[in-house]
Amino acid sequence: MKDLIKHEYFIKKALEEAQKAADKGEVPVGAVIVVENKIIARAHNLTQTLNDVTAHAEIMAITSAANFLNSKYLKECSLYVTLEPCTMCAGAIYWSQINQLVFGALDLKRGYSLHGNLLHPTTNVISGICGNESSRLLKDFFEKKRK
């Protein structure tokens, strides 16, 4: 139960980042990277802002955490993200060797799990944490876009 409370806390921090993305007109996906129960990186989608298709929340967070730790490997880190990573982000997670991936909503159209397990063999995955909240934020965003 203690782990569930911790995971919910950090996913809610990622949801705060996702809201920042939505406020900028970006697809609302947010991420935080945690080591020893401390957030060392926060990020949200910036693909529109930066005019860069690779500026996903996960990529931005991985870059920030690697800079913070001065290491390309994030073996002691947990990545919390509001939406299941895409294949590109799964590749970055693989190469950074993140210890744990915790995400909220499944991405039934573009999620990495549609293509098998693309993550590093040592990466532990937990899904569905605050999944309803993550899904609602995305649905609300796209409903507003269609109006």
Side-chain angles (χ1 to χ4, degrees), residues 7-120 122-147:
H7 295 323
E8 286 178 353
Y9 174 80
F10 289 122
I11 283 287
K12 287 184 182 199
K13 294 299 181 185
L15 280 162
E16 290 173 10
E17 289 297 315
Q19 185 60 57
K20 290 178 188 177
D23 293 345
K24 294 178 182 176
E26 299 276 357
V27 174
V29 177
V32 297
I33 294 183
V34 175
V35 65
E36 295 177 4
N37 292 319
K38 292 182 185 139
I39 296 173
I40 62 166
R42 298 170 188 265
H44 52 271
N45 273 359
L46 289 170
T47 59
Q48 301 297 322
T49 303
L50 299 177
N51 199 29
D52 179 355
V53 297
T54 67
H56 289 199
E58 300 94 326
I59 301 291
M60 305 305 287
I62 288 168
T63 299
S64 180
N67 287 333
F68 180 85
L69 295 173
N70 196 31
S71 174
K72 65 182 178 179
Y73 298 116
L74 305 177
K75 294 180 180 187
E76 304 301 318
C77 297
S78 296
L79 168 62
Y80 292 84
V81 62
T82 57
L83 181 65
E84 177 184 1
C86 69
T87 56
M88 175 184 70
C89 293
I93 293 164
Y94 177 95
W95 289 112
S96 65
Q97 298 181 23
I98 285 176
N99 180 54
Q100 181 172 244
L101 167 64
V102 181
F103 65 88
L106 287 170
D107 186 342
L108 301 176
K109 293 182 181 176
R110 293 181 184 89
Y112 80 90
S113 64
L114 297 170
H115 307 284
N117 186 9
L118 304 175
L119 303 175
H120 195 275
T122 61
T123 301
N124 179 47
V125 178
I126 300 169
S127 63
I129 305 294
C130 300
N132 290 337
E133 291 172 65
S134 298
S135 291
R136 175 58 36 213
L137 186 59
L138 285 158
K139 286 176 186 171
D140 290 349
F141 175 80
F142 286 111
E143 284 175 8
K144 286 177 187 173
K145 280 279 195 204
R146 288 195 273 292
K147 288 182 180 180

Output a table of donor-acceptor pairs, distance under 3.5 Å, between side-chain atoms of residues 78-88 and any protein atom two or more places apart or on a different chain; print 'none' if there are none.
unit_1, atom_1, unit_2, atom_2, d
Ser78, OG, Gln100, NE2, 3.0
Tyr80, OH, His7, ND1, 2.9
Thr82, OG1, Gly30, N, 3.1
Glu84, OE1, Asp107, N, 3.0
Glu84, OE2, Tyr112, N, 3.4
Glu84, OE2, Ser113, N, 2.9
Glu84, OE2, Ser113, OG, 2.5

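Rounding to the nearest 0.5 Å places CG of Leu137 at 10.0 Å from CZ of Phe142. For the atom pair CG of Leu50 and CE of Met60, the computed distance is 5.5 Å after rounding to the nearest 0.5 Å. Distance check: Ile40 CD1 to Leu74 CG gives 6.5 Å after rounding to the nearest 0.5 Å. The structure places OG of Ser127 at 8.5 Å from CG of Leu101, a figure rounded to the nearest 0.5 Å.
Between Cys89 and Ile59, some side-chain heavy-atom pair lies under the 4.5 Å cut-off. Residues Ile33 and Ile62 are in side-chain contact: their nearest non-hydrogen atoms beyond the backbone lie under 4.5 Å apart.
Judged purely by distance below 3.5 Å, without hydrogens or angles, the side chains of Thr122 and Gln97 never pair a donor atom with an acceptor atom.
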(request) Evaluate the salt bridge (Lys or Arg N to Asp or Glu O under 4.0 Å) criterion for residues Glu16 and Lys13: first the C-alpha distance (whole Å), next the side-chain angles of each, then the deciding distance (0.1 Å), finally the verdict. (result) CA-CA 5 Å; Glu16 290 173 10; Lys13 294 299 181 185; 3.7 Å; yes
(request) Determine, stepwise, if the pair His120 / Ile93 fulfils side chain to side chain contact (heavy atoms under 4.5 Å, CB included). (result) CA-CA 7 Å; His120 195 275; Ile93 293 164; over 6 Å; no
(message) Go through it in stages, so that I can follow the logic: the residues are Asn99 and Asn124, the test is side chain to side chain contact (heavy atoms under 4.5 Å, CB included), and I'd like the CA-CA distance, side-chain angles, deciding distance and then a yes or no.
(response) CA-CA 6 Å; Asn99 180 54; Asn124 179 47; 5.7 Å; no
(request) With side chain to side chain contact (heavy atoms under 4.5 Å, CB included) as the test, would you mind laying out the steps for Leu118 and Tyr94 before giving the verdict? (result) CA-CA 7 Å; Leu118 304 175; Tyr94 177 95; over 6 Å; no
(request) Could you walk me through whether Asn37 and Phe10 pass side chain to side chain contact (heavy atoms under 4.5 Å, CB included), step by step? (result) CA-CA 9 Å; Asn37 292 319; Phe10 289 122; 4.2 Å; yes
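Between Ala66 and Lys72, the shortest heavy-atom distance links the atoms CB-CA, 4.5 Å. Residues Gly104 and Ser134 share a closest heavy-atom pair of CA-OG, 4.0 Å. Scanning both residues, Val32 and Arg42, for their nearest heavy atoms gives CG1-CG, 4.0 Å. Minimum heavy-atom separation, Ala61 to Ala31: CB-CB, 4.1 Å. Closest approach of Glu26 and Asn45 over heavy atoms only: CG-O, 3.4 Å.
Ion pairing of Asp140 with Lys144 is absent here, as no side-chain N (NZ or NE/NH1/NH2) approaches a carboxylate O to less than 4.0 Å. Salt bridge absent: Glu143 and Arg146 never bring a charged side-chain N and a carboxylate O closer than 4.0 Å.
In the displayed structure, Arg136 atom CZ is contacted under 6.0 Å by more than 12 heavy atoms of other residues, nucleotides or ligands. Heavy atoms of other residues, nucleotides or ligands lying less than 6.0 angstrom from CG of Asp23 number more than 12.
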